[in-house]
Amino acid sequence: MGLVQRVIEASGIPTVSLSMIPDLTRAVGVPRLAGIGYPMARPLGRPHDALGQRAVLRAMLELLPGASGPDTYVELPFVWPETPAQARNVSKDLPPPPIVELLTRKPWLLASLYSGRLPGLESAA
């Protein structure tokens with residue numbers, strides 16, 4: 001994320017990152033950062049909550065004109081409407097993603113995935 005932002009910024013376009021782990025993201029060296037206390041995989045908010053998602057996006061974009069310069073950090077004032085346990089339980093009845101199903105059945109494939117050797121794609125290279 002930080003490398004891409006630096007390349008974009010070098011061409012004169014200011015950028016802002018949104019992070020649920022702002023301490024880690026700051027360590028990467030992003031130019032401008034908006035931290036948010038939302039669950040992982042939900043950086044803009046709840047699914048189908050267009051108004052809430054737009055509010056987060058607007059708050060992020062408002063950081064651009066007000067930023068004093070690179071390495072600007074702002075904690076956004078949004079609060080997730082559920083407890084962490086409730087947020088985890090929302091997806092408990094959903095089927096796992098296909099990659100999770102595959103690795104549950106064939107855990108030995110994990111090493112291949114980490115090394116970039118994806119099953120079924122060796123012949124495509």
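For the single chain, residues carry numbers from 1 onward in sequence order. Because the structure is a prediction, the values reported are computed rather than measured.
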**Report entry** Sequence-distant partners of Glu9, salt bridge (Lys or Arg N to Asp or Glu O under 4.0 Å), two or more places apart
**Finding:**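 With sequence neighbours excluded, Glu9 shows a salt bridge (Lys or Arg N to Asp or Glu O under 4.0 Å) to Arg32, given in chain and number order.
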Query raised in the report: How about Pro39 and Trp80: do any of their side-chain heavy atoms sit closer than 4.5 Å?
Result: yes
**Report entry** For Tyr73, ring pair (Phe, Tyr, Trp, His ring centres under 6.0 Å) partners two or more places apart
**Finding:** none
For [X] against [Y], the heavy-atom pair lying closest together:
X     : Y     : answer
Leu63 : Leu33 : CD2-O, 3.7 Å
Thr72 : Ala67 : OG1-CB, 3.7 Å
Val30 : Ser17 : CG1-OG, 3.7 Å

Query raised in the report: With sequence neighbours left out, what residues match Ile21 under side-chain contact (heavy atoms from CB on, under 4.5 Å)?
Result: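 Only Ser19, Leu24, Met40 meet the side-chain contact (heavy atoms from CB on, under 4.5 Å) criterion with Ile21.
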Report task. Using side chain to side chain donor-acceptor pair (under 3.5 Å) as the criterion, list what pairs up with Ser11, not counting sequence neighbours. Result ->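 If we apply the side chain to side chain donor-acceptor pair (under 3.5 Å) test to Ser11, skipping adjacent residues, there are no hits.
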Requested in this report: Would you give the length of the straight line joining atom CG of Leu18 to atom OG1 of Thr25, rounded to the nearest 0.5 angstrom?
Outcome: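 Those atoms lie 9.0 Å apart.
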Residues 96-106, side-chain donor-acceptor partners within the protein, below 3.5 Å, at least two apart:
| from | atom 1 | to | atom 2 | distance (Å) |
| --- | --- | --- | --- | --- |
| Thr104 | OG1 | Val100 | O | 2.7 |

Side-chain donor-acceptor pairs of residues 47-61 under 3.5 Å, sequence neighbours excluded:
| from | atom 1 | to | atom 2 | distance (Å) |
| --- | --- | --- | --- | --- |
| Asp49 | OD1 | Gly52 | N | 3.0 |
| Gln53 | NE2 | Arg46 | O | 2.7 |

